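Here is the structure we will look at, set down as structure tokens.
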Amino acid sequence: MLRIIPFERNNYDVFDAFRDFENSFFGSNFALSTHCRTDIREEEDKYILEAEMPGFEKEEISLDLDGDCLVLKAEKSSGKEEKDKGGKYICRERTYGSYQRTFDVSGVDTEHIHAEYKNGVLELIMPKKSPEKPTSRRLEIS
């Protein structure tokens, strides 16, 4: 896990050991999976979901409804050029891959969800379902 190289010790960042472990254990795209942080607020008549998705274009994000599940997907294609073999990169930390997260929307009026993506933040305004009113009726006695 730790590199033992006597002459690089002064230049060696302690956090590199954790980064090396993270990349070897979880794979190099692990950083992408922690990329989208989400806040959900409840207001009287709606829920507001805000997801940080910096670096994604609107076209790379999709929202799908599957029953009572809302599936948020984002995919960043690498568009990888062979610049790193030519020695043009000193360090390349940006990741490419896909991200997916599912939310329960059973209490949401899914027909009226509004989504907006601005400045790297996806905002969903999800109105609550109106509570079903009990119906009353008179029963006939036989």
Side-chain angles (χ1 to χ4, degrees), residues 1-5 8-142:
M1 194 158 93
L2 291 174
R3 290 184 257 174
I4 302 175
I5 303 172
E8 291 185 2
R9 189 171 192 163
N10 291 338
N11 295 330
Y12 184 70
D13 184 1
V14 173
F15 293 107
D16 283 349
F18 295 105
R19 197 173 304 117
D20 292 345
F21 171 73
E22 179 182 276
N23 287 338
S24 65
F25 187 76
F26 296 107
S28 61
N29 286 335
F30 175 70
L32 188 62
S33 67
T34 59
H35 194 63
C36 179
R37 290 182 167 76
T38 305
D39 294 335
I40 302 172
R41 291 190 325 262
E42 180 178 9
E43 293 185 0
E44 188 173 321
D45 60 340
K46 63 187 168 209
Y47 299 100
I48 300 172
L49 182 145
E50 295 174 318
E52 288 181 348
M53 305 188 79
F56 286 100
E57 298 293 329
K58 184 170 83 171
E59 296 77 23
E60 297 171 326
I61 301 169
S62 66
L63 294 167
D64 298 308
L65 285 168
D66 184 13
D68 285 340
C69 294
L70 173 72
V71 181
L72 166 62
K73 294 180 190 175
E75 186 170 352
K76 190 154 232 6
S77 59
S78 69
K80 186 177 181 180
E81 299 174 23
E82 296 299 322
K83 291 180 182 179
D84 53 343
K85 288 185 179 177
K88 294 184 181 178
Y89 286 108
I90 295 173
C91 177
R92 190 167 187 181
E93 293 180 314
R94 295 185 299 161
T95 58
Y96 300 95
S98 61
Y99 174 83
Q100 180 174 322
R101 189 151 179 203
T102 304
F103 300 92
D104 176 23
V105 290
S106 56
V108 171
D109 178 5
T110 57
E111 295 296 320
H112 296 97
I113 294 176
H114 173 75
E116 186 175 339
Y117 185 66
K118 187 172 30 174
N119 298 326
V121 177
L122 175 67
E123 181 181 69
L124 295 175
I125 297 176
M126 302 179 290
K128 292 181 180 180
K129 282 184 180 176
S130 22
E132 293 184 24
K133 296 179 183 174
T135 57
S136 63
R137 62 187 176 114
R138 182 166 289 196
L139 299 174
E140 293 294 323
I141 303 172
S142 52

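The structure displayed is predicted, hence computed values, not measured ones.
- Within a 6.0 Å radius of CG in Asp104, other residues, nucleotides and ligands contribute more than 12 heavy atoms.
- Looking at Leu122 and Leu63, their side chains come closer than 4.5 Å, going by heavy atoms from C-beta outward.
- Between Asp45 and Lys128, the closest side-chain pair of non-hydrogen atoms is not below 4.5 Å.
- Side chains of Phe103 and Leu124 form no contact here, defined as non-hydrogen atoms less than 4.5 Å apart.
- More than 12 heavy atoms of other residues, nucleotides or ligands lie within 6.0 Å of CD in Glu43, so this atom counts as buried by the packing criterion.
- Under 4.0 Å is where a charged nitrogen must lie from a carboxylate oxygen, and between Glu60 and Lys76 at least one such pair does.
- Here the CE-CD distance, from Met126 to Glu42, works out to 10.5 Å after rounding to the nearest 0.5 Å.
- Val105 and Leu70 make their closest contact through CG1-CB, 3.8 Å (heavy atoms, listed as atom of the first residue, atom of the second, distance).
- Between Ile48 and Lys46 the shortest side-chain heavy-atom distance falls below 4.5 Å.
- Nearest heavy-atom pair across Tyr117 and Phe56 is OH-O, 2.7 Å.
- Between Gly107 and Tyr47, the shortest heavy-atom contact is O-CE1, 4.1 Å.
- For the atom pair CD (Glu75) and CD1 (Ile61), the distance works out to 12.0 Å, reported to the nearest 0.5 Å.
- The minimum heavy-atom distance between Lys129 and Val108, with the atom names listed, is CE-O, 3.3 Å.
- Counting non-hydrogen atoms of neighbouring residues, nucleotides and ligands closer than 6.0 angstrom, the CD atom of Glu116 exceeds 12 such neighbours.
- In terms of heavy-atom proximity, Asp64 sits nearest to Ser62 at OD2-OG, 4.0 Å.
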